[in-house]
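Quick caveat, the model's predicted, so the values are computed rather than measured. Counting starts at 1 for both ligands and their atoms, in listed order.
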Amino acid sequence: MVIGILSVQGAFIEHEEIFKELGADTIQLRQKKDLDRHFDRLVLPGGESTVQGKLLKDLGMFNILKEKIEEGMPVLGTCAGLILLAENISNDTRSYFKTLPVTVKRNAYGRQLGSFHYDGDIKGLGVFPMEFIRAPYIENISGDVEVLSQVNGKTTAVKYKKQLGLSFHPELCGDYRIHKMFMEI
Ligand code: GLN
């Protein structure tokens, strides 16, 4: 299994280390020619969605990756990665891949108190340590989207077909169960 990790900005190294430890091969996707290499799965890390979205377009990577997701390549989007996948962003006029039929709110917990830890339940996994960093939450989902976790009544993890979208950063908590779950999709 080869996992392609978007590596133009943000917390991509942490994902890479975890997947390697779990026995997967990884490649960093930094420029258009990296997309010619073989990979089976895609990771969109946390960081700054506006910067990542702009770089994806400027580097000519956006349409190729969108097509791969639409064709069914499993994708894990964490935090900014979730924002890139979302069909709508309620507090921003921009949108990116639009492959995940949810509406997200960026920086939904406010900028000052935006970072916190929460031990919350994830469907199928049980209690999981969640790191939120200027995180979005999911305001609305459409019919087929499965809710995997909610924190204080707000949806923070969803699954839709082969797309996994998380508000928080599972790569920063030392618990690899979400990465394992993604490898099994
Ligand atoms: N606030 C960032 C954004 O809007 C996301 C933060 C993160 O990925 N930790 O893109």
Quick one: do D34 and R30 make a salt bridge, cutoff under 4.0 Å? no

- prompt: Is there at least one pair of N or O atoms, one from T78 and one from ligand 1, spaced under 3.5 Å apart?
  reply: no

among protein heavy atoms, the one nearest atom 1 (N) of ligand 1 is N107 OD1, 2.7 Å

| So is there a nitrogen or oxygen of G46 less than 3.5 Å from a nitrogen or oxygen in ligand 1? | no

Check: So is H169 in contact with ligand 1, going by heavy-atom distances below 4.0 Å?
Finding: yes

| task | May I ask you to check if ligand 1 and C79 share an N or O to N or O distance below 3.5 Å? | result | no

Review point. Does R106 pair with E48 as a salt bridge, N-O distance under 4.0 Å?
Key: yes

If you scan protein heavy atoms around atom 5 (C) of ligand 1, the nearest is G47 O, 3.3 Å

closest protein heavy atom to atom 4 (O) of ligand 1 is R106 NE, 2.7 Å

Counting from 1 in the order shown, the ligand 1 atoms closer than 4.0 Å to a non-hydrogen atom of S49 are 3 (C), 4 (O), 10 (O)

Side-chain heavy atoms nearer than 4.5 Å, only ILVMFWY residues, links allowed to pass through others: does that put L65 and I27 together? yes

Should K20 and E16 count as an ion pair when the cut-off is N to O under 4.0 Å?
yes

Ligand 1 to I83, heavy atom cutoff 4.0 Å, flagged ligand atoms 3 (C), 4 (O), 10 (O)

### Query
Looking just at side-chain N and O atoms, do E87 and S95 make a donor-acceptor pair shorter than 3.5 Å?
no

Before accepting this row, confirm whether a basic side-chain N of the pair E146/K123 lies closer than 4.0 Å to the acidic partner's carboxylate O.
yes

| said: Whether K68 engages the ring of F39 as a cation-pi pair (distance to the six-membered ring centre under 6.0 angstrom, angle to the ring normal within 45°) should be assessed. | reply: yes

**Asked** Is there any N or O on P136 that sits under 3.5 Å from an N or O of ligand 1?
**Response** no

